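Just so we're clear, the structure is a prediction, and the values are computed from it rather than from any experiment. All values below were derived from every heavy atom in this structure, side-chain atoms included, with hydrogens, water molecules and symmetry-related copies excluded.
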Amino acid sequence: MAKKNFDNFLTTVAKPPKLSPDEIEEMTREVHEKTPSSKTADKVAAPNTGNEAAAGQGRRGRKPKPPEEERMIRVSVDLPESVIIDLKARVIREKTDMKSFVRKLVEKELKK
């Protein structure tokens with residue numbers, strides 16, 4: 001019975017039709033033949049003055065990639081319940097999250 005249901009499932013699931021090369025070419029033309037807006041045309045015609053980089057924009061209006069951050073490694077530490085309660089209360093008072101608070105504590109201690 002299970003095999004019959006599985007075979008039925010396979011016959012009912014239709015594969016998406018493959019596009020012909022002519023259909024792909026037509027879709028490509030539609031995308032590339034769109035007329036650029038006047039704003040885009042002005043950007044293309046205007047020389048690059050470097051203002052885009054100063055405004056935080058990358059090439060072609062893309063945002064620049066953020067600098068690579070150092071790889072993080074997860075650490076698990078067992079603490080007494082009273083310490084955890086005090087830690088949570090302090091984190092709430094300082095309006096931060098526990099991860100940032102503990103990270104700052106460790107970095108501060110290691111800089112001494």
Side-chain angles (χ1 to χ4, degrees):
M1 186 114 161
K3 182 172 179 7
K4 182 179 179 184
N5 290 338
F6 184 70
D7 290 340
N8 188 23
F9 170 75
L10 289 178
T11 58
T12 59
V13 176
K15 293 182 181 176
K18 292 192 175 191
L19 297 174
S20 70
D22 293 333
E23 291 173 318
I24 294 172
E25 183 139 350
E26 180 62 31
M27 291 167 70
T28 305
R29 274 195 216 110
E30 287 176 9
V31 170
H32 292 290
E33 287 180 356
K34 289 184 179 178
T35 57
S37 66
S38 60
K39 187 176 180 181
T40 308
D42 294 342
K43 278 187 175 181
V44 172
N48 187 1
T49 59
N51 292 340
E52 292 84 14
Q57 293 292 319
R59 190 170 38 122
R60 294 184 184 174
R62 296 182 192 138
K63 292 182 180 177
K65 291 183 180 178
E68 294 285 329
E69 291 186 16
E70 188 175 356
R71 184 173 72 115
M72 301 300 261
I73 298 173
R74 186 169 300 270
V75 177
S76 178
V77 180
D78 296 325
L79 297 172
E81 185 177 9
S82 60
V83 173
I84 292 291
I85 292 170
D86 292 342
L87 177 62
K88 286 183 179 184
R90 178 86 178 265
V91 166
I92 291 170
R93 277 195 306 268
E94 294 194 12
K95 297 179 183 174
T96 186
D97 59 309
M98 193 174 299
K99 176 176 63 175
S100 300
F101 184 78
V102 172
R103 193 177 294 154
K104 282 188 233 174
L105 281 176
V106 172
E107 288 173 356
K108 182 177 158 185
E109 185 64 30
L110 291 177
K111 286 182 182 180
K112 287 184 179 181

NZ/NE/NH1/NH2 to OD/OE distance under 4.0 Å, E25 and R29: yes
Heavy atoms from other residues, nucleotides or ligands near CE of M98 exceed 12 (cutoff 6.0 Å): yes
Working for side chain to side chain contact (heavy atoms under 4.5 Å, CB included), residues E26 and E23: CA-CA 5 Å; E26 180 62 31; E23 291 173 318; 5.7 Å; no
Below 3.5 Å, can you tabulate the donor-acceptor pairs from side chains in residues 72-91 to any protein atom, sequence neighbours excluded?
from, atom 1, to, atom 2, distance (Å)
R90, NE, E94, OE2, 2.9
R90, NH2, E94, OE2, 3.4

Salt bridge (charged side-chain N to carboxylate O under 4.0 Å, His left out) partners for E109, two or more places apart: K112
